[in-house]
Number of protein chains: 2
Amino acid sequence: MNRFLGHVTNKIDAKGRVSVPAPFRSIIQMAGYTELYALRSLHLPALDVGGPELLTRFDKHLGQEDPFAETADDMSFYLHADGGFLKLDGDGRITVTDFIREHTGISADVTFAGANTHFQMWQPDQFETHRARVRARLAEQRRQRELSAPAGSS
Amino acid sequence: MNRFLGHVTNKIDAKGRVSVPAPFRSIIQMAGYTELYALRSLHLPALDVGGPELLTRFDKHLGQEDPFAETADDMSFYLHADGGFLKLDGDGRITVTDFIREHTGISADVTFAGANTHFQMWQPDQFETHRARVRARLAEQRRQRELSAPAGSS
DNA sequence: AGCGATATCATGGGGCACTATGGGCGTCAA
DNA sequence: TTGACGCCCATAGTGCCCCATGATATCGCT
(Lines give C-alpha, C1' and ligand atoms only; values in the text may rest on other atoms or scores of the structure.)
Protein backbone atom coordinates (compact mmCIF):
# COMPACT_ATOMS: atom_id res chain seq x y z
CA MET A 1 0.00 0.00 0.00
CA ASN A 2 1.52 3.28 -1.06
CA ARG A 3 -1.34 5.67 -0.57
CA PHE A 4 -2.47 7.52 2.49
CA LEU A 5 -5.82 6.06 3.44
CA GLY A 6 -8.25 6.15 6.35
CA HIS A 7 -8.16 8.20 9.52
CA VAL A 8 -6.93 7.70 13.08
CA THR A 9 -6.90 9.86 16.18
CA ASN A 10 -3.85 9.86 18.43
CA LYS A 11 -3.10 11.56 21.73
CA ILE A 12 -0.61 14.30 22.36
CA ASP A 13 1.53 13.39 25.37
CA ALA A 14 2.70 15.59 28.22
CA LYS A 15 5.72 16.68 26.23
CA GLY A 16 3.63 17.78 23.26
CA ARG A 17 4.41 14.87 20.98
CA VAL A 18 2.11 12.73 18.91
CA SER A 19 2.71 9.48 17.04
CA VAL A 20 2.26 9.58 13.31
CA PRO A 21 0.20 6.48 12.44
CA ALA A 22 2.46 3.60 11.52
CA PRO A 23 0.92 3.01 8.08
CA PHE A 24 1.54 6.64 7.16
CA ARG A 25 5.06 6.45 8.49
CA SER A 26 5.90 3.39 6.49
CA ILE A 27 4.94 5.18 3.30
CA ILE A 28 7.24 8.02 4.18
CA GLN A 29 10.07 5.77 5.23
CA MET A 30 9.72 3.68 2.10
CA ALA A 31 10.52 6.83 0.16
CA GLY A 32 13.54 7.36 2.37
CA TYR A 33 12.43 10.50 4.20
CA THR A 34 12.93 11.36 7.83
CA GLU A 35 11.28 14.74 7.58
CA LEU A 36 7.79 15.84 6.75
CA TYR A 37 6.66 18.94 4.93
CA ALA A 38 3.56 20.56 6.37
CA LEU A 39 1.45 23.27 4.79
CA ARG A 40 -1.44 25.18 6.28
CA SER A 41 -4.43 24.47 4.14
CA LEU A 42 -5.91 27.53 2.46
CA HIS A 43 -9.57 26.75 2.96
CA LEU A 44 -9.57 24.29 5.87
CA PRO A 45 -8.39 24.38 9.49
CA ALA A 46 -6.07 21.51 8.68
CA LEU A 47 -2.49 20.83 7.72
CA ASP A 48 -1.49 19.07 4.54
CA VAL A 49 1.48 16.88 5.31
CA GLY A 50 3.69 14.77 3.14
CA GLY A 51 7.27 14.01 2.31
CA PRO A 52 9.56 16.83 1.23
CA GLU A 53 8.73 15.97 -2.34
CA LEU A 54 5.31 17.47 -1.65
CA LEU A 55 7.01 20.84 -1.54
CA THR A 56 8.97 20.05 -4.66
CA ARG A 57 5.75 19.19 -6.40
CA PHE A 58 4.25 22.54 -5.49
CA ASP A 59 7.45 24.27 -6.41
CA LYS A 60 7.37 22.82 -9.86
CA HIS A 61 3.84 24.01 -10.20
CA LEU A 62 5.02 27.46 -9.17
CA GLY A 63 7.70 27.46 -11.79
CA GLN A 64 5.08 27.20 -14.49
CA GLU A 65 3.36 30.37 -13.43
CA ASP A 66 4.51 33.70 -14.73
CA PRO A 67 7.36 34.44 -12.34
CA PHE A 68 6.61 38.14 -12.36
CA ALA A 69 2.93 37.99 -11.61
CA GLU A 70 1.78 38.83 -8.15
CA THR A 71 0.33 35.35 -7.93
CA ALA A 72 3.74 33.78 -8.19
CA ASP A 73 5.01 35.90 -5.32
CA ASP A 74 1.96 35.03 -3.29
CA MET A 75 2.35 31.34 -3.98
CA SER A 76 6.00 31.38 -3.08
CA PHE A 77 5.35 33.25 0.13
CA TYR A 78 2.55 30.89 1.02
CA LEU A 79 4.50 27.74 0.30
CA HIS A 80 7.69 28.75 2.06
CA ALA A 81 6.66 31.08 4.84
CA ASP A 82 3.39 29.41 5.74
CA GLY A 83 4.79 25.90 5.58
CA GLY A 84 7.42 24.07 7.55
CA PHE A 85 9.26 20.87 8.22
CA LEU A 86 8.20 18.45 10.91
CA LYS A 87 10.93 16.22 12.23
CA LEU A 88 10.12 12.63 13.05
CA ASP A 89 11.87 11.41 16.18
CA GLY A 90 13.25 7.93 16.55
CA ASP A 91 9.85 6.59 17.53
CA GLY A 92 7.96 8.13 14.67
CA ARG A 93 6.54 11.02 16.62
CA ILE A 94 6.42 14.71 15.88
CA THR A 95 6.20 17.58 18.32
CA VAL A 96 3.04 19.60 17.95
CA THR A 97 4.27 23.16 17.68
CA ASP A 98 2.33 26.38 17.88
CA PHE A 99 2.66 26.51 14.13
CA ILE A 100 0.33 23.51 14.06
CA ARG A 101 -1.95 24.46 16.93
CA GLU A 102 -2.70 27.97 15.77
CA HIS A 103 -4.05 26.98 12.42
CA THR A 104 -5.88 23.80 13.37
CA GLY A 105 -7.11 24.37 16.90
CA ILE A 106 -5.38 21.15 17.92
CA SER A 107 -4.75 20.88 21.63
CA ALA A 108 -5.01 17.38 23.12
CA ASP A 109 -5.56 15.00 20.23
CA VAL A 110 -4.80 14.87 16.54
CA THR A 111 -6.79 13.20 13.80
CA PHE A 112 -4.65 11.98 10.94
CA ALA A 113 -6.60 11.64 7.71
CA GLY A 114 -5.33 10.06 4.52
CA ALA A 115 -5.55 12.07 1.31
CA ASN A 116 -4.04 9.77 -1.28
CA THR A 117 -0.72 11.44 -2.03
CA HIS A 118 -0.42 13.07 1.36
CA PHE A 119 -2.30 13.21 4.64
CA GLN A 120 -3.93 15.81 6.84
CA MET A 121 -3.80 16.71 10.50
CA TRP A 122 -7.01 17.86 12.16
CA GLN A 123 -8.46 18.77 15.50
CA PRO A 124 -10.80 15.75 15.99
CA ASP A 125 -14.05 17.71 16.34
CA GLN A 126 -13.27 19.88 13.36
CA PHE A 127 -12.50 16.81 11.35
CA GLU A 128 -15.81 15.23 12.28
CA THR A 129 -17.66 18.40 11.39
CA HIS A 130 -15.91 18.64 8.09
CA ARG A 131 -16.55 14.99 7.32
CA ALA A 132 -20.27 15.43 7.97
CA ARG A 133 -20.38 18.54 5.82
CA VAL A 134 -18.64 16.84 2.93
CA ARG A 135 -21.06 13.93 3.09
CA ALA A 136 -23.99 16.32 3.09
CA ARG A 137 -22.61 18.18 0.09
CA LEU A 138 -22.09 15.01 -1.86
CA ALA A 139 -25.58 13.77 -1.04
CA GLU A 140 -27.01 17.09 -2.13
CA GLN A 141 -25.13 16.97 -5.39
CA ARG A 142 -26.39 13.50 -6.03
CA ARG A 143 -29.94 14.62 -5.36
CA GLN A 144 -29.52 17.49 -7.81
CA ARG A 145 -28.32 15.16 -10.45
CA GLU A 146 -31.29 12.88 -9.95
CA LEU A 147 -33.69 15.76 -10.32
CA SER A 148 -32.30 16.78 -13.67
CA ALA A 149 -32.07 13.23 -14.99
CA PRO A 150 -34.77 10.62 -15.41
CA ALA A 151 -35.01 8.22 -12.51
CA GLY A 152 -33.81 4.68 -12.70
CA SER A 153 -30.09 4.78 -12.48
CA SER A 154 -27.63 2.60 -10.52
CA MET B 1 16.92 20.27 4.59
CA ASN B 2 18.56 22.94 2.48
CA ARG B 3 15.84 25.48 1.98
CA PHE B 4 14.62 28.37 4.05
CA LEU B 5 11.22 27.35 5.29
CA GLY B 6 8.72 28.37 7.94
CA HIS B 7 8.67 31.41 10.16
CA VAL B 8 9.78 32.28 13.68
CA THR B 9 9.67 35.42 15.78
CA ASN B 10 12.65 36.31 17.95
CA LYS B 11 13.26 39.12 20.42
CA ILE B 12 15.69 41.94 20.10
CA ASP B 13 17.71 42.26 23.30
CA ALA B 14 18.81 45.38 25.16
CA LYS B 15 21.89 45.69 22.99
CA GLY B 16 19.90 45.59 19.79
CA ARG B 17 20.77 42.06 18.80
CA VAL B 18 18.55 39.28 17.58
CA SER B 19 19.23 35.58 17.04
CA VAL B 20 18.94 34.29 13.52
CA PRO B 21 16.94 31.04 13.80
CA ALA B 22 19.24 28.05 14.07
CA PRO B 23 17.82 26.21 11.05
CA PHE B 24 18.45 29.26 8.89
CA ARG B 25 21.94 29.62 10.28
CA SER B 26 22.82 26.05 9.50
CA ILE B 27 21.85 26.56 5.88
CA ILE B 28 24.06 29.60 5.68
CA GLN B 29 26.97 27.87 7.33
CA MET B 30 26.56 24.89 5.05
CA ALA B 31 27.06 27.28 2.15
CA GLY B 32 30.16 28.63 3.87
CA TYR B 33 29.05 32.20 4.50
CA THR B 34 29.79 34.28 7.55
CA GLU B 35 28.17 37.42 6.21
CA LEU B 36 24.69 38.07 5.00
CA TYR B 37 23.54 40.41 2.30
CA ALA B 38 20.35 42.27 3.07
CA LEU B 39 18.18 44.01 0.53
CA ARG B 40 15.15 46.18 1.01
CA SER B 41 12.27 44.48 -0.69
CA LEU B 42 10.74 46.57 -3.47
CA HIS B 43 7.09 45.87 -2.81
CA LEU B 44 7.07 44.86 0.82
CA PRO B 45 8.13 46.35 4.15
CA ALA B 46 10.56 43.51 4.56
CA LEU B 47 14.20 42.67 4.03
CA ASP B 48 15.40 39.93 1.75
CA VAL B 49 18.42 38.31 3.31
CA GLY B 50 20.77 35.69 2.02
CA GLY B 51 24.30 34.92 0.99
CA PRO B 52 26.23 37.22 -1.34
CA GLU B 53 24.94 35.26 -4.30
CA LEU B 54 21.53 36.72 -3.51
CA LEU B 55 22.68 39.95 -5.09
CA THR B 56 23.69 38.23 -8.29
CA ARG B 57 20.44 36.37 -8.45
CA PHE B 58 18.34 39.47 -7.95
CA ASP B 59 20.44 41.32 -10.47
CA LYS B 60 19.78 38.74 -13.12
CA HIS B 61 16.17 38.46 -12.17
CA LEU B 62 15.50 42.16 -12.39
CA GLY B 63 17.48 42.49 -15.58
CA GLN B 64 15.11 40.12 -17.27
CA GLU B 65 12.06 41.79 -15.94
CA ASP B 66 12.37 44.95 -17.96
CA PRO B 67 14.00 45.30 -21.36
CA PHE B 68 14.78 48.98 -20.88
CA ALA B 69 18.40 49.41 -20.02
CA GLU B 70 17.66 52.45 -17.96
CA THR B 71 15.49 50.46 -15.63
CA ALA B 72 18.11 47.78 -15.37
CA ASP B 73 20.62 50.43 -14.35
CA ASP B 74 18.22 51.76 -11.79
CA MET B 75 17.78 48.31 -10.44
CA SER B 76 21.47 47.69 -10.24
CA PHE B 77 21.94 51.00 -8.45
CA TYR B 78 19.14 50.16 -6.12
CA LEU B 79 20.57 46.78 -5.33
CA HIS B 80 23.98 48.09 -4.42
CA ALA B 81 23.04 51.35 -2.82
CA ASP B 82 20.10 50.15 -0.82
CA GLY B 83 21.60 46.92 0.37
CA GLY B 84 23.91 46.17 3.22
CA PHE B 85 25.82 43.46 5.00
CA LEU B 86 24.78 41.89 8.25
CA LYS B 87 27.50 40.31 10.33
CA LEU B 88 26.75 37.24 12.38
CA ASP B 89 28.39 37.27 15.80
CA GLY B 90 29.77 34.19 17.52
CA ASP B 91 26.35 33.21 18.82
CA GLY B 92 24.59 33.57 15.52
CA ARG B 93 23.08 36.96 16.21
CA ILE B 94 22.96 40.11 14.15
CA THR B 95 22.60 43.67 15.33
CA VAL B 96 19.44 45.35 14.15
CA THR B 97 20.60 48.58 12.58
CA ASP B 98 18.59 51.61 11.55
CA PHE B 99 18.97 50.39 8.01
CA ILE B 100 16.75 47.50 9.01
CA ARG B 101 14.36 49.38 11.26
CA GLU B 102 13.58 52.18 8.84
CA HIS B 103 12.34 50.01 6.05
CA THR B 104 10.56 47.38 8.09
CA GLY B 105 9.22 49.15 11.15
CA ILE B 106 10.97 46.58 13.31
CA SER B 107 11.47 47.70 16.89
CA ALA B 108 11.23 45.00 19.55
CA ASP B 109 10.80 41.71 17.72
CA VAL B 110 11.70 40.27 14.35
CA THR B 111 9.83 37.65 12.36
CA PHE B 112 12.11 35.55 10.20
CA ALA B 113 10.27 34.04 7.25
CA GLY B 114 11.65 31.43 4.88
CA ALA B 115 11.57 32.12 1.13
CA ASN B 116 13.22 29.01 -0.27
CA THR B 117 16.56 30.35 -1.45
CA HIS B 118 16.72 33.19 1.05
CA PHE B 119 14.74 34.48 3.98
CA GLN B 120 12.96 37.65 5.00
CA MET B 121 12.91 39.82 8.09
CA TRP B 122 9.60 41.40 9.11
CA GLN B 123 8.01 43.41 11.83
CA PRO B 124 5.71 40.72 13.35
CA ASP B 125 2.42 42.56 12.87
CA GLN B 126 3.26 43.50 9.31
CA PHE B 127 4.15 39.93 8.61
CA GLU B 128 0.87 38.69 10.00
CA THR B 129 -1.04 41.22 7.94
CA HIS B 130 0.76 40.26 4.80
CA ARG B 131 0.27 36.58 5.51
CA ALA B 132 -3.46 37.03 5.92
CA ARG B 133 -3.68 39.08 2.75
CA VAL B 134 -1.78 36.54 0.71
CA ARG B 135 -3.96 33.73 1.98
CA ALA B 136 -7.06 35.71 1.14
CA ARG B 137 -5.85 36.41 -2.38
CA LEU B 138 -4.96 32.80 -3.03
CA ALA B 139 -8.20 31.52 -1.58
CA GLU B 140 -10.14 33.92 -3.76
CA GLN B 141 -8.28 32.76 -6.81
CA ARG B 142 -8.99 29.19 -5.98
CA ARG B 143 -12.66 30.00 -5.61
CA GLN B 144 -12.66 31.64 -9.03
CA ARG B 145 -11.14 28.57 -10.56
CA GLU B 146 -13.79 26.39 -9.00
CA LEU B 147 -16.57 28.46 -10.51
CA SER B 148 -15.31 27.83 -14.00
CA ALA B 149 -14.56 24.16 -13.41
CA PRO B 150 -16.72 21.23 -12.37
CA ALA B 151 -17.14 20.79 -8.65
CA GLY B 152 -14.99 18.46 -6.67
CA SER B 153 -12.88 19.25 -3.67
CA SER B 154 -10.74 17.66 -1.05
C1' DA C 1 -7.89 -25.64 17.55
C1' DG C 2 -5.51 -23.96 21.59
C1' DC C 3 -2.18 -21.26 23.64
C1' DG C 4 2.05 -19.32 24.65
C1' DA C 5 5.89 -16.71 22.32
C1' DT C 6 6.87 -12.73 19.50
C1' DA C 7 6.33 -8.48 17.00
C1' DT C 8 4.31 -4.02 16.41
C1' DC C 9 2.47 0.03 18.01
C1' DA C 10 0.94 4.03 20.83
C1' DT C 11 2.27 6.15 24.87
C1' DG C 12 5.27 7.58 28.91
C1' DG C 13 9.38 9.52 30.81
C1' DG C 14 14.76 10.41 31.79
C1' DG C 15 18.36 13.07 30.53
C1' DC C 16 21.58 15.40 27.54
C1' DA C 17 22.45 18.98 23.95
C1' DC C 18 21.25 22.89 21.72
C1' DT C 19 19.11 27.36 21.31
C1' DA C 20 17.51 31.89 22.46
C1' DT C 21 18.38 35.31 25.48
C1' DG C 22 20.85 38.10 29.02
C1' DG C 23 24.84 40.29 30.47
C1' DG C 24 30.11 41.28 31.43
C1' DC C 25 34.19 43.32 29.74
C1' DG C 26 37.80 45.04 26.70
C1' DT C 27 38.75 47.76 22.40
C1' DC C 28 38.43 51.39 19.34
C1' DA C 29 36.87 55.82 17.78
C1' DA C 30 34.54 60.23 18.36
C1' DT D 1 34.63 59.69 28.80
C1' DT D 2 31.07 57.70 26.38
C1' DG D 3 28.98 54.82 23.35
C1' DA D 4 29.06 51.27 19.62
C1' DC D 5 30.76 46.87 18.73
C1' DG D 6 33.45 42.61 19.16
C1' DC D 7 34.14 38.46 21.92
C1' DC D 8 33.18 35.70 25.88
C1' DC D 9 30.37 33.18 29.33
C1' DA D 10 25.83 32.06 32.03
C1' DT D 11 21.19 30.16 32.12
C1' DA D 12 16.49 28.72 31.41
C1' DG D 13 13.71 26.47 28.32
C1' DT D 14 13.04 23.42 24.51
C1' DG D 15 13.95 19.77 21.41
C1' DC D 16 15.79 15.35 20.51
C1' DC D 17 17.68 10.67 21.51
C1' DC D 18 17.09 6.73 24.04
C1' DC D 19 14.74 3.17 26.69
C1' DA D 20 10.37 1.31 29.24
C1' DT D 21 5.50 -0.25 29.41
C1' DG D 22 1.14 -2.15 28.19
C1' DA D 23 -2.08 -3.35 24.79
C1' DT D 24 -3.05 -5.67 20.54
C1' DA D 25 -2.17 -8.37 16.72
C1' DT D 26 0.65 -12.21 14.54
C1' DC D 27 2.95 -16.30 14.44
C1' DG D 28 4.30 -21.02 15.50
C1' DC D 29 4.28 -25.13 17.77
C1' DT D 30 1.97 -28.89 19.91
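What you see is a predicted model; the values in this text were computed from it and never measured. Within every chain, numbering begins at 1; the chains are lettered A, B, ... in the order of the sequence lines, protein sequences first and strands thereafter.
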- Geometric class of the B:Phe112/B:Phe119 ring pair [parallel <30°, tilted 30-60°, perpendicular >60°]: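 Judged by the thresholds at 30° and 60°, the geometry between B:Phe119 and B:Phe112 is tilted.
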
Whole-Å distance separating the [atom1] atom of [X] from the [atom2] atom of [N]:
X	N	atom1	atom2	value
A:Leu86	D:dC16	CG	P	10 Å
B:Leu88	D:dC5	CG	P	15 Å
B:Lys15	D:dC9	NZ	C1'	11 Å
B:Lys11	D:dA12	NZ	C1'	12 Å
A:Asp98	C:dA20	CG	P	15 Å
A:Asp13	C:dG13	CG	P	8 Å
B:Asn10	C:dT19	CG	C1'	9 Å
A:Asp89	D:dC19	CG	C1'	12 Å

- Item | Pair A:His80-B:Phe4, ring pair (Phe, Tyr, Trp, His ring centres under 6.0 Å): steps then yes or no | CA-CA 7 Å; A:His80 301 113; B:Phe4 295 93; over 10 Å; no

- Message: Taking only side-chain N and O atoms of B:Arg93, does any of them lie within less than 4.0 angstrom of OP1 or OP2 on D:dC5?
- Response: no

- Message: Does D:dG6 have OP1 or OP2 under 4.0 Å away from a side-chain N or O of B:Lys87?
- Response: yes

- Item | B:Arg17 or A:Asp91, whichever maps to the more 5' nucleotide of DNA chain D | B:Arg17

- Contact nearer the 5' end of DNA chain C, comparing B:Val18 with A:Ile12: A:Ile12

- Query: Do you see a donor-acceptor pair shorter than 3.5 Å between the side chains of A:Ser107 and A:Gln123?
  - Reply: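 A:Ser107 vs A:Gln123: no donor-acceptor pair found between side chains.
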
- Query: Is there a donor-acceptor contact under 3.5 Å from the side chain of A:Ser76 to the main chain of A:Ala72?
  - Reply: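 Absent.
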
